[in-house]
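One structure is given here, and the rest of the page talks about it.
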Amino acid sequence: KNEVEQSPQNLTAQEGEFITINCSYSVGISALHWLQQHPGGGIVSLFMLSSGKKKHGRLIATINIQEKHSSLHITASHPRDSAVYICAVGGRGGSNYKLTFGKGTLLTVNP
Amino acid sequence: KAGVTQTPRYLIKTRGQQVTLSCSPISGHRSVSWYQQTPGQGLQFLFEYFSETQRNKGNFPGRFSGRQFSNSRSEMNVSTLELGDSALYLCASSWDRVYEQYFGPGTRLTVT
């Protein structure tokens, strides 16, 4: 079992729909990152969070430390949101701190 | 502020050769991490450098190595290239470990 599991693997939506991508992890963490990768493009960090909720524009990220679960929400989706969204967790500090990644969720938003 | 830069952007090598990739972090960032991305394995951590010291290393063979210079620029080297080393190699810089990471555009390595 992977340390970081994302669902769904693929998601197709119509423009304007509300989208949720889920991430579950099995280890104690210092922080969780949500990343965005466009086809052929580099990776952009969307959020880093260790508790609660963060919001940037139409994007909202939440985390429940007790349940080891995080969600990324996109409100009023747009075709330009089409990308791979990747969840990554950073372990509990110390010399072993590193990011472990989920396999990613491919989001396609149709006009 | 300039972002993270990586050179070269594309590289084609043959099996058995070695390759060196370069990463220049955002000014002021002292932590540089390297990642390998392949279609099969996704993103995997290679190693992290901070103030010229390797602080952590992922589960990769010794053919993969790196270093960091006093200006925080980092290089990674892969010796005796194998076909399976074909991947996108990304570096990311940050202030320190538990901080937001800023990724470079990556170097696409193809081994033939």
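Note that the coordinates shown come from a computational prediction; the quantities given were computed from them, not determined experimentally. Lettering follows sequence order; numbering is per chain, from 1.
Side-chain heavy atoms closer than 4.5 Å link hydrophobic residues (I, L, V, M, F, W, Y) into clusters, and following such links, even through other members, never connects A:Leu32 to A:Met48.
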Begin with the C-alpha distance, continue with both residues' side-chain angles, and end with the deciding distance and a verdict on ring-ring contact (aromatic ring centres under 6.0 Å, His included) for A:Phe101 and B:Tyr35. CA-CA 10 Å; A:Phe101 300 85; B:Tyr35 302 97; 5.2 Å; yes

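The closest donor-acceptor contact from the side chain of A:Lys103 to the backbone of B:Gln41 lies under 3.5 Å.
The 12-atom threshold is not exceeded at CD1 of B:Ile12, counting heavy atoms of other residues, nucleotides or ligands nearer than 6.0 Å. The number of heavy atoms from other shown groups lying within 6.0 Å of CZ (A:Arg58) is above 12. Enclosure of atom OH in B:Tyr99 is not indicated, since only 12 or fewer non-hydrogen atoms of other residues, nucleotides or ligands lie within 6.0 angstrom. Environment of CG in B:Asn59: sparse, with no more than 12 heavy atoms of neighbouring residues, nucleotides or ligands closer than 6.0 Å. The 12-atom threshold is exceeded at CZ of B:Arg73, counting heavy atoms of other residues, nucleotides or ligands nearer than 6.0 Å.
Here the side chains of B:Gln101 and A:Ser45 are not in contact, with every heavy-atom distance at 4.5 Å or above. Counting heavy atoms from C-beta outward, B:Leu43 and A:Thr100 have side chains that stay 4.5 Å or more apart. The side-chain heavy atoms of B:Gln44 and A:Leu99, taken from C-beta on, include no pair separated by under 4.5 Å.
Between the CD atom of A:Gln37 and the CG atom of B:Leu88 there is a distance of 7.0 Å, given to the nearest 0.5 Å.
Heavy atoms only, all atoms of each residue included: A:Ile43 and B:Phe103 are closest at O-CB, 3.3 Å.
With a 4.5 angstrom heavy-atom cutoff, B:Gln6 does not touch chain A via any of its atoms.
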